[in-house]
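Read through the structure below, which is laid out as structure tokens, and then see the notes.
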Number of protein chains: 2
Amino acid sequence: MINYTNILRQHNLKATPQRLAITDILHVQGHITIESLYEVMVKKFSSISLATIYKNINLMLENSFIQEVKIPHAKSVYEITKESHSHLACEKCGEIQDIIIDLDNILNEVAKTNTFKVNSSDLVLSGICKNCQ
Amino acid sequence: MINYTNILRQHNLKATPQRLAITDILHVQGHITIESLYEVMVKKFSSISLATIYKNINLMLENSFIQEVKIPHAKSVYEITKESHSHLACEKCGEIQDIIIDLDNILNEVAKTNTFKVNSSDLVLSGICKNCQ
DNA sequence: ACTTAAAGGATAATTATTATCTTTTAATAA
DNA sequence: TTATTAAAAGATAATAATTATCCTTTAAGT
Ligand SMILES: [Mn+2]
Ligand SMILES: [Mn+2]
Ligand SMILES: [Zn+2]
Ligand SMILES: [Zn+2]
């Protein structure tokens, strides 16, 4: 169990119980929509306001503690920022999985054209996951 | 100038002036947000309703005549469906460019793992375009 | 314990999108 | 052509998603 108290403080964020719960949920679940994050949080903090969820998600996004992942034909999910990686999105059950794909060759190709300086890449592969096949 | 009248009819959509204008704008502009599509349309049809924009965009999405492209940290853009391709998104001016990148190697790698059946891929490279460098 | 800025909760406001209803019109056939 | 009709447009209400505001509570530092 990671100590997110200090990590939050390093980002100049107070380590409130609500925030620790959000980070813990993100840590355990991996990828989650605003909607289901709220549902899970309500179980722990029956009177939590949806505004608190949004305010915290936005704060955490601002300092890159977390990231938004936009999924085709589905709602965005949020996750704790880690090494750059791609995603597999199951069109049937909606599950989002991480996958590490080496895009260096591709990025080098683009770099060669010298017409666009790439800073980051977002790749989502949509299809059917193991379970749903 | 492409004849979208018949193309629309092939999709079982009436070729209304509003729709022909939308398809023409999409054809000329390439990638456009709902917001700016509406702005452009208002110039041609001063009394057009925003609902008409949404209804048409949704209808055209349903039969895959057009596609949504989700862009990190920006609003979605829409474009006429064509061969599968990737996108370059300029973080400075917001311009979206098409780029054809061969992802076969990558998709084959994923296929090998036999744990996920890929149906489609969405790749967006964010960075700085030629003009903005 | 005391102080204080930050954060939470309640809720209003705003923005984005969809639904509903009436009027208009594109497509088709007499 | 004109008549018919289902589809589409336009106006606007309703809903959903997100943000702003305001007051209360609390984490963090002294
Ligand atoms: Mn991930
Ligand atoms: Mn494109
Ligand atoms: Zn699945
Ligand atoms: Zn640019």
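Below, chain A is the first sequence line, B the second, and so on; all start at residue 1.
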Problem set entry | Any Asp98(B) side-chain heavy atom under 4.5 Å of His87(B) side chain |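 Yes. Closest side-chain heavy atoms under 4.5 Å.
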
Exercise. Are side-chain heavy atoms of Asp24(B) and Lys44(B) found at a separation under 4.5 Å?
Worked result: yes

Exercise. Between Leu20(A) (CG) and dA27(D) (P), how many Å, whole number?
Worked result: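 In whole Å, dA27(D) P lies 10 Å from Leu20(A) CG.
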
Exercise. Looking just at side-chain N and O atoms, do Thr52(B) and Ser49(B) make a donor-acceptor pair shorter than 3.5 Å?
Worked result: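 No pair is found: no donor N or O on one side chain lies under 3.5 Å from an acceptor on the other.
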
For this session: Compute whether any side-chain donor of one residue and acceptor of the other, for Glu91(A) and Asn119(B), lie under 3.5 angstrom apart.
Result: yes

Problem set entry | Nucleic acid footprint by protein, nucleotides 8-16 of chain D - heavy-atom cut-off 4.0 Å, B for base, S for sugar-phosphate alone | SBBBB----

Exercise. Is a donor on one side and an acceptor on the other found under 3.5 Å between the side chain of Thr5(A) and the backbone of Ala15(A)?
Worked result: no

Exercise. Is it true that Leu26(A) and Tyr38(A) fall in one hydrophobic cluster, defined by side-chain heavy atoms closer than 4.5 Å?
Worked result: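 Both belong to a single hydrophobic cluster.
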
Exercise. If you walk 5' to 3' along DNA chain C, what is the first nucleotide with an atom under 4.0 Å of a heavy atom in chain A, and what is the last?
Worked result: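 First and last nucleotides in contact are dA5(C) to dT11(C).
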
Exercise. Which heavy atom in Ile71(A) sits nearest to a heavy atom in Lys70(B), and how many Å separate them?
Worked result: O-NZ, 2.8 Å

Problem set entry | Residues clustered with Leu103(B), ILVMFWY side-chain links under 4.5 angstrom | Leu88(A), Ile99(A), Ile101(A), Leu103(A), Ile106(A), Leu107(A), Val110(A), Phe116(A), Val118(A), Leu123(A), Leu125(A), Leu88(B), Ile99(B), Ile101(B), Ile106(B), Leu107(B), Val110(B), Phe116(B), Val118(B), Leu123(B), Leu125(B)

